Amino acid sequence: MSVRLLHNFYNRDVLELAPDLLGKKIIRSINGEVFEYFITEVEAYRGEEDRACHASKGRTKRTEAMYLEGGHIYMYLIYGMYWMFNIVAGTEGIPQAILIRSLKDFRGPGRLSRELRLDKSFYGESLVTSKRIWLENGIEVCDIKKGRRIGIDYAGEIWKKKEWRFFI
DNA sequence: AGCAAGATCGGT
DNA sequence: CCGATCTTGCTG
């Protein structure tokens, strides 16, 4: 049987948590119906010094959720039409988040949020206590691959070279 | 108050 | 390659 992942799972450095998310199950409850998805690709964004991270602009209304304790959700709208689903990592006060980039049957962060029906109303919600979305243990994964993060050419040489995208 | 850009996607 | 579409942070 599977149980919900709790604070001790999320309260780790984003670079440790990100690869560990691969193979985990996202449980989404919509109108009493429960759906399961497996995480297959993620990207880590780490602290105010990471110029690819939205928190590099500092603590603003938009980035506030990233400063919460690990296990919260950071949502944001991109290009005026796609919601990005991010899981906050680490301890309170240190901005770290992981973009969920692909699921087993759904590729692309915008498409998966549409499939899971995730939007602004999930901003700041806790995966530890929410009744409509949480994580459980899934399958053991081996042979985790990594590469550069996508779509962050603006971040400058040292940050765009970081291999902080993990996938299977 | 106005503006440019964006952790994307789908169609040419 | 390009347009859609709108929030955000920066500038003045």
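Letters A, B, ... are given to chains in the order of the sequence lines, protein chains preceding strands, and every chain is numbered from 1. All values derive from a computational prediction rather than experimental measurement.
Between the side chains of Tyr123(A) and Glu125(A), no donor N or O sits under 3.5 Å from an acceptor N or O. The closest side-chain donor-acceptor pair between His72(A) and Tyr10(A), if any, does not fall under 3.5 angstrom.
Shown here is Arg4(A), whose CZ atom has more than 12 heavy atoms of other residues, nucleotides or ligands within 6.0 Å. For Arg117(A), the CZ atom is loosely surrounded, since the number of other residues' heavy atoms within 6.0 Å does not exceed 12. Residue-environment remark: CD (Glu140(A)) stays at or below the threshold of 12 foreign heavy atoms within 6.0 Å.
With hydrogens and angles ignored, no donor-acceptor pair under 3.5 angstrom links the side chain of Tyr154(A) to the base of dA5(B).
Taking the side chain as every heavy atom from C-beta outward, Tyr37(A) and Leu116(A) approach each other to under 4.5 Å. Using a 4.5 Å heavy-atom cutoff, the side chains of Tyr45(A) and Lys162(A) are not in contact.
The salt bridge (charged side-chain N to carboxylate O under 4.0 Å, His left out) check on Lys160(A) picks up Glu157(A), with sequence neighbours excluded.
Listed by first residue number, the stems of DNA chain B with at least three Watson-Crick or G-U pairs below 3.5 Å are B:1-6 with C:6-11, B:8-11 with C:1-4.
Base engagement by Leu99(A) is indicated by at least one non-hydrogen atom pair under 4.0 Å involving a base atom.
Contact check on Arg149(A) versus Asp50(A) returns a salt bridge, with a Lys/Arg side-chain nitrogen under 4.0 Å from an Asp/Glu carboxylate oxygen. A salt bridge links Glu36(A) and Lys25(A); the closest N-O separation between the charged side-chain nitrogens and carboxylate oxygens is under 4.0 Å.
Taking atom CD1 of Ile87(A) as the reference point, atom C1' of dA7(B) lies 15 Å away to the nearest angstrom. To the nearest angstrom, C1' of dA7(B) lies 16 Å from CD of Gln96(A). For Met66(A) and dA7(B), the CE to P distance is 10 Å, given to the nearest whole Å.
DNA chain B lies under 4.0 Å from at least one heavy atom of each of the following residues of residues 111-119 of chain A: Arg111(A), Arg114(A).
Phosphate proximity of dT8(B) to Arg101(A): present, with a side-chain N or O under 4.0 Å from OP1 or OP2.
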Polar pairs (N or O, both sides) under 3.5 Å between protein and nucleotides 1-3 of chain B?
none

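Of all heavy-atom pairs spanning Thr63(A) and Gly58(A), the tightest one is OG1-O, 2.9 Å.
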For residues 90-97 of chain A, which side-chain donor-acceptor pairs fall under 3.5 Å, sequence neighbours excluded?
{"residue": "Gln96(A)", "atom": "OE1", "partner": "Val14(A)", "partner atom": "N", "Å": "2.9"}
{"residue": "Gln96(A)", "atom": "NE2", "partner": "Asp13(A)", "partner atom": "OD2", "Å": "3.2"}

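Between atom CG of residue Leu5(A) and atom CH2 of residue Trp134(A) there is a gap of 12.0 Å, rounded to the nearest 0.5 Å.
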Revision key, fill the gap. With B for base contact, S for sugar-phosphate-only contact and - for none (protein heavy atoms under 4.0 Å), nucleotides 1-12 of chain C reads ---BBBSSSS--
